[in-house]
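Each remark here refers to the structure printed beneath this line.
The structure displayed is predicted, hence computed values, not measured ones. These values consider heavy atoms only, across backbone and side chains, with no hydrogens, waters or symmetry-generated copies.
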Amino acid sequence: MSFSAQQTLDSLNKLKETLSGEVVCPGDEGYEYGITRWSDSCSKQAAYVVFPKNDQDVAEAIKFAKEQSLELAVYSGGHSFSGSSSTEGGLVIHLNKYINYARCDPEKRLLYVGGGATWEIVDKVGMEHGLATVAGTVNHTGVGGLSLGGGYGWLTGRYGMTVDNIVQLTVVLASGEIVTANEKEHPDLFWGCRGGGGNFGVVTEFVFKAHPQRPTVFITYLLYTMDKLEGVLNAIREWEENPGPDEGLHWGCMRVLPGMEPGPPTIIVIYFYNGEAAEGRKAGKMFYDIGPMAEKAMEELPFVQLNSLQNEPSGHGGRKYIKGLPNRSVPTLEAVQAVLEAQDEVIKSHPGLVHSGIMSLAAPAQALMAVPMEATAYAGRGKARLHSTTEELQEILLRNPDGPLDVIWAPSNRGKLMDDAAMSRVAMVSSQSQRWRSLVVAGRITQDLQDQLIDVPTPRLAVLNIVNSCQLHRELNLARVGAPLRELTLSGVVLDWGNPRLRCLRSLRLHDLRPKGPTAGELHAILSSAPGLEILDLARWQSALEFGPRYNDLGSLPLPSLTTLAVEAVSSTVLWMLLSCIQAPKTRYIKVPTINQSLFQDDDPVGELAKLCRGSLSTVSRLLVTYDQASGSCTLAHRETETPPQSNTRESLLKLAKRRGVFLQTYRIYFRALGGDNLRVSENNVRRFIQEVVQPVLRDLSVEVQLDLHHRWPLVSDTPSNPPKSVVTDLLMNAPVVTHLKINPYFDAMEVLAYISARQFVRTMDGEAGQDLCWPIPLMETLTVACHPINQAKILESLECLILNRGSRIYHGAAVASGQVDELGEDTSHPPRLVKHIVVQDRYERSFKLWDSEQGWRAC
């Protein structure tokens, strides 16, 4: 649904009149506060920020977002390092400003907490009555995100996860309805919100269990030199064998610690004991026996201060990212050393990452495991990991005798074969296959393993992920009787593509399929029965001739929920079926490679691709074009952000596309080794791709273009009247304004810089007799040049001339001969554009010289 500007303004004014709180837009007072996040990398430019004061305000904000088709984000504390509390161009419901409270009912031992509160206020209010709940270990974290995802804290060993302590929620649904969710009212919603994340609704109030808590606790910070790493890991293993419920442990390796300058990695162990210091030192004796080089102990720390100890190293501001993974066992010495060595290599080229490190959180599992796995949506309790110990696996099976099981075989060494002990664990789990909810296999599959993991009844199986490190030469025999799969990921193995359980899929990823992938007809049948499909990712199938129905005879494929379409190296029949049949208006990431020479043998694919570009891609705002002769690829990538690219940012096109929008690529449409007529055909293919696909997309979208140049582009047009020029200059002459140009080290920068700097005399646009200087293309705002030492001096000289000699009148389009009138007329003129930033890099793309319009040249 589209809205005129007046309709949007009327709706906004109505929203402002309805709210008890406020709504702000860019430029309004309070807007910057509303979009600022804990990590600067997660701050996005929202179109609207709503500060609700009550549940009804939240309902009105949701209604407005639905009417205007706006992306919705909810802010509790803003710590989400994935950026989920922010939105680019959407609406933020900012709960922290007003719905930020906590109150305690000491008689019922309950804590009532607003959806925008932070854990600091929860700790303070609870301890006024000698009560506490399982809170986050950084107390300026928001209650909402941590609680809905699971929640770990220092009290987890005694009272379980944060979700295990929620007794009631107030939720505003997508419909605007305000409901109470608990064990009796809306129990399904109550189940999903405890561990399933924040997409079920906006939680405006949490009610937590409150537990008696002593006023002081013991916690100590122990530092060790790296030569003690093996001893520390052994001590952690000893501690994990039998930890008490009042203990907790953090450990890691950091290069920068509070109050210290950056240096070599230091091992840190943070040991917590909810009791007297003497008892704590006795329980944690194994960590003292190693011989720490330093200790900072707090023997009588007020509990209310406990969760503030890590506030300083976890403070607001700066670009932060955290990546976590579950680990059922202490990593090996070799694994930790390998990670630290890899970090050292990254830090050499990115010195700011010296502040990064490794941290592991450990807690006694008694309380966590005491909760049945099916009691909440939290998925971290009952995973049957086949590479765990036999005792751990037995514990999981005994603790959860009837509920669903998540079976995982993912050893650290994917080529590892199972020994006899491991196969005995497989037999234990295989006998329980009727209860399997998911099966993840990322290790080597033998025939015995297949017999016990694949060829067994799995009526409840919903998720099947098999990433095989050893090729099997026959289809996996997935039981045909059972619930439809929700997620399917296969790599290196195939199934019977006619299996009725391959229906109603939400996610389908098929990579490296051997001996063969599905035909176009089989894939069409699978997709046509999956209207709720959200992710379709197909890559590197074995080529095979198909004699099935033509792709345009199979019928349309409406996929209204599809958000991601990624296709690479599949058969051309499958590719064209996808291009011509899929109707997916919500797709925000599209990758369509392997558009090779066969693209130019049939007019239909070119037309379909152009239609896709002008259809699904037409709502995005910026385009990246690149051609790489080494791989023979030409790439288009849309970017939804309005932020210009940072001159010192190095990221792959694929990462750029995954984060920001749509990715299209052609493959091997130009071969340097060709000669004669074959070379001319290849060059014409390049030009045809630019003329029939690239230029129409650029023209129709009226986007700003970032051009990324790799290697030398092919030359086209070598007639006497039209001397040779590269495809890049041909593109620059016929595309809209190029605002950001990057020339990579193996591209001949002088080929473009000389062209940009070349001036010709043309008759003035108003038709008068005088003449003016003209450049074939407008000047870009940002220019990045990576140069080889051989031509570095020549490039710097050319850049200096570029800055000094460009005039104020800039015309777009091909330059015409002196004395002739530009046949394109006034429509070819553009406003003057001055270069703002120039970045010069070495052959490794490391910046060493900068220029901007305010400060001139300076060294990096």
**OP:** Scan for salt bridge (Lys or Arg N to Asp or Glu O under 4.0 Å) pairs involving residues 145-161, sequence neighbours excluded, and state none if there are none.
**Re:** Arg158-Asp246

Tell me, please, which residues at least two apart from [X] pass salt bridge (Lys or Arg N to Asp or Glu O under 4.0 Å).
{"X": "Lys97", "answer": "Glu22"}
{"X": "Glu534", "answer": "Arg506"}
{"X": "Glu341", "answer": "none"}
{"X": "Glu205", "answer": "none"}

By side chain to side chain contact (heavy atoms under 4.5 Å, CB included) - contacts of [X] (at least two apart):
{"X": "Pro215", "answer": "none"}
{"X": "Ser356", "answer": "Gln343, Leu353"}
{"X": "His355", "answer": "Val256"}

**OP:** Can you sort out the partners of Thr141 under side chain to side chain donor-acceptor pair (under 3.5 Å), two or more places apart, ordered by chain and number?
**Re:** none

Return a table of donor-acceptor pairs under 3.5 angstrom between the side chains of residues 301-318 and protein atoms on other chains or two or more places apart.
from, atom 1, to, atom 2, distance (Å)
Asn307, ND2, Asp123, OD2, 3.0
Asn307, ND2, Gly136, O, 3.4
Ser308, OG, Gln305, O, 2.7
Gln310, NE2, His250, ND1, 3.4
Asn311, OD1, Asn139, N, 3.3
Asn311, ND2, Asn139, OD1, 2.7
Ser314, OG, Gln310, O, 3.1

Original post:
Who passes ring-ring contact (aromatic ring centres under 6.0 Å, His included) against Phe51, sequence neighbours left out?
Top reply: Tyr33, His94

Subject >> Residues in ring-ring contact (aromatic ring centres under 6.0 Å, His included) contact with Tyr159, at least two apart in sequence or another chain >> reply: His211

Original post:
Near Lys53 NZ, under 6.0 Å, is it more than 12 heavy atoms from other residues, nucleotides or ligands?
Top reply: yes

**OP:** For Lys63, look at atom NZ and say whether over 12 heavy atoms of other residues, nucleotides or ligands are found less than 6.0 Å away.
**Re:** no

